Amino acid sequence: MEKIKFIDLFCGIGGFRIAMEEACRENDLIPECVFSSDIDTFCQDSYEANFGHRPTGDITKVDEKDIPDHDILFAGFPCQPFSIIGQMQGFNDIRGTLFFDIARILKHKRPKAFVLENVKQLVGHDKGRTLKIIIKTLQELGYHVQYAVLNALDYGLPQKRERVIIVGHREPIMFSFPSPVRPFKPLSEILEKKVDKKYYASEYIVNKRKAKHKSAYKLSIWHENKAGNICSYPYSCALRAGASYNYLLVNGERRLTPREMFRLQGFPDIYKIVVNDSQARKQAGNAVPVNLVKAVILKLLPYVASSLDMTSVLREYEVEYGKG
Ligand SMILES: C[S@@+](CC[C@H](N)C(=O)[O-])C[C@H]1O[C@@H](n2cnc3c(N)ncnc32)[C@H](O)[C@@H]1O
């Protein structure tokens, strides 16, 4: 069986890694993570407990020459470069941003392909200039680049979470982003049956919410926006690392448990949660939705693994564009 080597940058708790491992197994490929990095020690604890390997810390301190060869680079990089990248021109100018660390690794290692993930706001930031510089820099490095905004709700998860996904390949491949798949998993498969009392909001909060809103759904997640308006859906709004405690309430009554949050991000139940509730909330809120990136990886793998047959790719091409 063919081995596919990858690196997991800004790896957090390993959302990309789970997606890649599942996608490879479904295609009789052997995934091998040859390098991972995250600066947060609690993320390192979670990653180590689940993958048996502790990620390296600060990527800005890692010499690209010390990173092993790999076929695919994954990175869900932090939003930090947004405010500064827009005024820059390209590779020679982006130093000091965390995106530069991705670029310098790509420049030196030249993997066949990469998948980057970021918040949807990247697309409109600074009137589109920030994303334009990111794409231009990746193209300067010799990659063919495509991007799309995808929603986790369209890939089987009951969470509205929109993310920009940037895919690059050294060759001009016929890659297209995966089509949406519905239905998404019902909340009945996400919510735990027995939940500790500590997750319930105070009577005061519950009464206040219920006086304002009545849900149309038997199982729902209630969301209160900044203006104090409440809405509820049979799915969750985006989990957020720094959200206030009562930002999302199951049936208007209780907070999500860590396991429910991990399920909403597509992490399987065998994933061990080894940190306290507040860290788990932060980790789930920062993670990449596994199902969403897995759908992207499944479309990309035929262009990375030489043993995979291209029939499905070509069939899709015929369906989309007609036979010649
Ligand atoms: C948006 S999160 C990515 C989460 C990941 N995709 C997952 O599924 O959990 C960004 C991550 O970048 C990490 N990070 C920030 N600065 C870093 C640095 N200088 N070196 C390495 N990791 C860094 C943060 O600790 C955070 O976990």
Side-chain angles (χ1 to χ4, degrees), residues 6-23 31 33 35-51 53-64 66-67 72-85 94-105 114-122 125 134 150 152 155 157 159 161-167 238-243 258 261-268 271-275 278-297:
F6 65 97
I7 65 169
D8 199 5
L9 300 181
F10 307 101
C11 63
I13 54 171
F16 267 116
R17 181 157 177 173
I18 295 182
M20 176 63 178
E21 291 185 347
E22 288 182 5
C33 182
F35 177 81
S36 59
S37 148
D38 200 289
I39 202 166
D40 182 290
T41 51
F42 294 104
C43 286
Q44 294 175 353
D45 291 343
S46 295
Y47 200 94
E48 189 175 17
N50 284 281
F51 305 108
H53 163 85
R54 194 162 186 89
T56 301
D58 191 351
I59 193 66
T60 64
K61 306 275 186 321
V62 176
D63 188 330
E64 57 273 22
D66 295 335
I67 294 182
I72 314 185
L73 172 151
F74 294 112
F77 60 112
C79 324
Q80 170 258 356
F82 283 17
S83 47
I84 34 181
I85 236 171
I94 56 165
R95 249 163 253 276
T97 72
L98 290 172
F99 173 65
F100 173 71
D101 295 285
I102 298 174
R104 68 180 169 89
I105 294 168
F114 61 76
V115 182
L116 312 182
E117 179 247 359
N118 215 301
V119 296
K120 177 190 154 189
Q121 287 73 8
L122 175 61
H125 186 264
I134 288 177
L150 304 181
Y155 300 94
L157 291 174
Q159 185 193 172
R161 187 179 187 87
E162 293 176 290
R163 287 296 186 264
V164 58
I165 303 289
I166 307 172
V167 171
L239 302 181
R240 293 195 334 225
M261 288 189 266
F262 276 59
R263 286 179 182 164
L264 283 171
Q265 290 283 44
F267 284 70
Y271 193 93
K272 299 185 201 92
I273 302 175
V274 296
V275 291
S278 103
Q279 283 299 331
R281 221 151 55 95
K282 183 175 166 204
Q283 294 186 347
N286 266 336
V288 68
V290 172
N291 302 39
L292 187 159
V293 281
K294 182 179 166 187
V296 173
I297 294 169

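First listed ligand is number 1; within each ligand, the first listed atom is number 1. Since the structure is predicted, the reported quantities are computational estimates derived from the model, not experimental observations. We number each residue from 1, following the sequence as shown.
The aromatic rings of Phe77 and Phe99 sit tilted, their planes meeting at an angle between 30° and 60°.
Polar contact with ligand 1: absent for Cys43 (N/O pair, distance under 3.5 Å). No N or O atom of Phe77 sits closer than 3.5 Å to an N or O atom of ligand 1.
For ligand 1, the atoms sitting less than 4.0 Å from at least one non-hydrogen atom of Ala287 are 7 (C), 8 (O), 9 (O), numbered in the order shown with element in parentheses. Of all atoms in ligand 1, numbered sequentially from 1 with element shown, those under 4.0 Å from a heavy atom of Asp40 are 25 (O). Of all the atoms in ligand 1, the ones that sit under 4.0 Å from a non-hydrogen atom of Gly15 are 7 (C), 8 (O). Proximity to Ser37 (heavy-atom distance under 4.0 Å) selects the following atoms of ligand 1: 21 (C).
The nearest heavy-atom contact from the protein to atom 20 (N) of ligand 1 is Ile59 N, 2.9 Å. When hydrogens are left out, the protein atom nearest atom 21 (C) of ligand 1 is Ile39 N, 3.4 Å; that is the closest non-hydrogen contact. Among all protein heavy atoms, the one lying closest to atom 5 (C) of ligand 1 is Cys11 O, 3.4 Å. Annotation: atom 10 (C) of ligand 1 to nearest protein heavy atom, Gly76 O, 3.5 Å. Here the protein heavy atom with the shortest distance to atom 18 (C) of ligand 1 is Asp58 OD1, 3.7 Å. For atom 13 (C) of ligand 1, the nearest non-hydrogen atom of the protein is Asp38 OD2, 3.3 Å. Taking atom 9 (O) of ligand 1 as the reference point, the nearest protein heavy-atom neighbour is Ile13 N, 2.9 Å. For atom 4 (C) of ligand 1, the nearest protein heavy atom (residue, atom name, distance) is Asn286 O, 3.2 Å.
One N or O on the side chain of Gln283 and one on the backbone of Phe42 form a donor-acceptor pair closer than 3.5 Å. For Gln159 (side chain) and Ala152 (main-chain N/O), no donor-acceptor pair under 3.5 Å exists by modelled atom type. Proximity of a side-chain donor or acceptor of Tyr271 to a complementary backbone N or O of Ile13 within less than 3.5 Å is detected. Counting only distance, with no hydrogens or angles, the side chain of Ser37 and the backbone of Pro55 share no donor-acceptor pair below 3.5 Å. Side chain of Asn118 to main chain of Val164: no donor-acceptor pair is present (N/O by atom type, distance under 3.5 Å, no hydrogens or angles). Listed for the Glu162 side chain is no donor-acceptor partner under 3.5 Å among the backbone atoms of Lys120.
The residue from Asn118, Val288, Leu9, Val119 that puts a heavy atom closest to atom 6 (N) of ligand 1 is Val288.
With a heavy-atom cut-off of 4.0 Å, Leu98 touches ligand 1 through its side chain alone.
With contacts defined as side-chain heavy-atom distances shorter than 4.5 Å, the pair Asp8/Tyr47 qualifies. Taking 4.5 Å as the limit, some side-chain heavy atom of Leu116 sits within range of a side-chain heavy atom of Leu73.
Applying ring pair (Phe, Tyr, Trp, His ring centres under 6.0 Å) to Phe16 and the options Phe74, Phe10, Phe51, Phe6 leaves one that passes, Phe74.
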